[in-house]
Amino acid sequence: MVIIGTFLYALTVNAVVIPNTLGEGGATGMTLMIFYWLGWNPAIVSFVLNAILLVIGWRHLEKRQIMYTIVSMFVMSVALEYTTGFSFVSDNTVVAAVAGGVLSGLAIGIVSLGGGTTGGTEIIAWIMKKYLGIGVSAGLLLIDFLVVAPLTVQIGLEKAILTLIMLYVMSKVLNFIIEGFNPKKSITIISKQHEAIAAAIQEKVDRGITILDGKGYYSREAHQILYIVINRHQLINVQNIIYELDPKAFVIITDVQQVIGEGFTFYLSDEDVVQRP
């Protein structure tokens, strides 16, 4: 997955980004800045910049992730060198920007699911996720904005705006690839019929339920609160159960970004859960 995703990303840079004179974020954006300015070989510049950033992130990333990133660095440089014969130039540059964003997000998402990064500022983004709790896609978008700003001088304001559109699309696709294949919902239920609701959900939806003790501030009455995490397609069934048993139940439904644990974890081992996004 790391090799395939990295190859796709390099192909996108050569086939979509450069032919349409668009920018990029992160180390690739800096590579393109040097390419547009001095004409230096992107493959070599990319490898050098990624090596520097890898040294910075060496102590902050999991060992397996570091090894996969090294593999990705080599594949990136080789692919940048040997995929220069392909190009997609659209009469509508917005189409090119959207295409570049979709392909870049897909490529980086594949690499991330494989347990690595494509190097560059993704390393910084993973450090931000580890220590600041900022999502990878949000961290990349923030860093990319900082890289695109000086790149505007070389490619012009119009292409810079198109680049930002591309990066925004990329972040959304990346976020979907990493977290959005099976979105989750958490439901908090306060009802006097909590026992009947819990039993019905357990029987019809087959999801574990946690019972929390609570007390109303105004009434000072004790309540038992149900808490459950479900897949999105199970939401309607749970809502119908609640409404049938207690139409006056107080229900809170929230989006869940990520769930790790029995019944939800995608990866097969505890080691994978720790080392993969």
Side-chain angles (χ1 to χ4, degrees), residues 1-14 17 24-31 42-83 100-144 147 167 170-171 173-182 257-258 260 265-277:
M1 293 179 74
V2 171
I3 292 173
I4 292 173
T6 303
F7 181 85
L8 177 60
Y9 182 68
L11 180 61
T12 302
V13 171
N14 275 335
V17 178
E24 251 286 7
T28 304
M30 290 184 279
T31 299
I44 297 175
V45 175
S46 174
F47 184 84
V48 173
L49 290 177
N50 285 329
I52 294 172
L53 289 170
L54 182 60
V55 171
I56 295 174
W58 186 267
R59 294 185 177 182
H60 302 282
L61 300 176
E62 300 291 339
K63 298 305 180 184
R64 177 185 291 184
Q65 195 173 42
I66 290 173
M67 296 305 298
Y68 286 167
T69 300
I70 292 174
V71 171
S72 180
M73 285 170 50
F74 281 99
V75 174
M76 182 73 173
S77 295
V78 173
L80 281 174
E81 182 69 24
Y82 293 102
T83 59
V102 171
L103 291 174
S104 296
L106 177 62
I108 297 175
I110 292 173
V111 173
S112 297
L113 289 178
T117 74
T118 55
T121 49
E122 277 187 77
I123 296 173
I124 307 300
W126 277 109
I127 294 175
M128 293 170 64
K129 177 180 175 66
K130 183 175 182 179
Y131 292 101
L132 301 179
I134 300 175
V136 174
S137 59
L140 282 173
L141 188 59
L142 176 61
I143 296 170
D144 290 343
V147 173
L167 295 175
M170 182 198 75
S171 71
V173 174
L174 173 61
N175 188 65
F176 177 78
I177 294 296
I178 294 179
E179 300 165 351
F181 277 119
N182 196 8
Q257 183 176 7
Q258 187 175 14
I260 297 175
T265 301
F266 175 76
Y267 303 106
L268 298 179
S269 67
D270 292 339
E271 181 183 11
D272 283 336
V273 171
V274 172
Q275 295 184 343
R276 298 184 181 184

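On a predicted model such as this, the values are computed, not experimentally measured, just so you know. Residues take their numbers from the sequence shown, with the count starting at 1.
- Closest approach of Ala107 to Gly5, counting heavy atoms only: CB-O, 3.2 Å.
- Contact between Glu24 and Val147 at its shortest, heavy atoms only, is O-CG1, 4.0 Å.
- Taking all atoms of both residues into account, the shortest heavy-atom contact from Thr6 to Met76 is CG2-N, 3.5 Å.
- Heavy atoms only, all atoms of each residue included: Leu49 and Met30 are closest at CD1-CB, 3.9 Å.
- The nearest pair of heavy atoms linking Gly105 to Met170 is N-CG, 3.3 Å.
- Just one of Leu174, Ile177, Leu103 meets the side-chain contact (heavy atoms from CB on, under 4.5 Å) condition when paired with Ile108; it is Leu174.
- Side chain of Ser77 to main chain of Ala43: a donor-acceptor pair is present (N/O by atom type, distance under 3.5 Å, no hydrogens or angles).
- Shown are Asn50, Leu80, Val48, Val45; of these, the side-chain contact (heavy atoms from CB on, under 4.5 Å) with Thr31 is made only by Val45.
- Between the side chain of Ser72 and the main chain of Tyr68, no donor-acceptor pair closer than 3.5 Å is present.
- The neighbour count for Leu11 CG, taken as heavy atoms of other residues, nucleotides or ligands under 6.0 Å away, is above 12.
- Going from atom CZ of Phe47 over to atom CD1 of Ile52 covers 11.0 Å, rounded to the nearest 0.5 Å.
- Not counting sequence neighbours, Tyr82 has no partner by the ring pair (Phe, Tyr, Trp, His ring centres under 6.0 Å) test.
- A heavy-atom distance below 4.5 Å is found between the side chains of Phe7 and Thr83.
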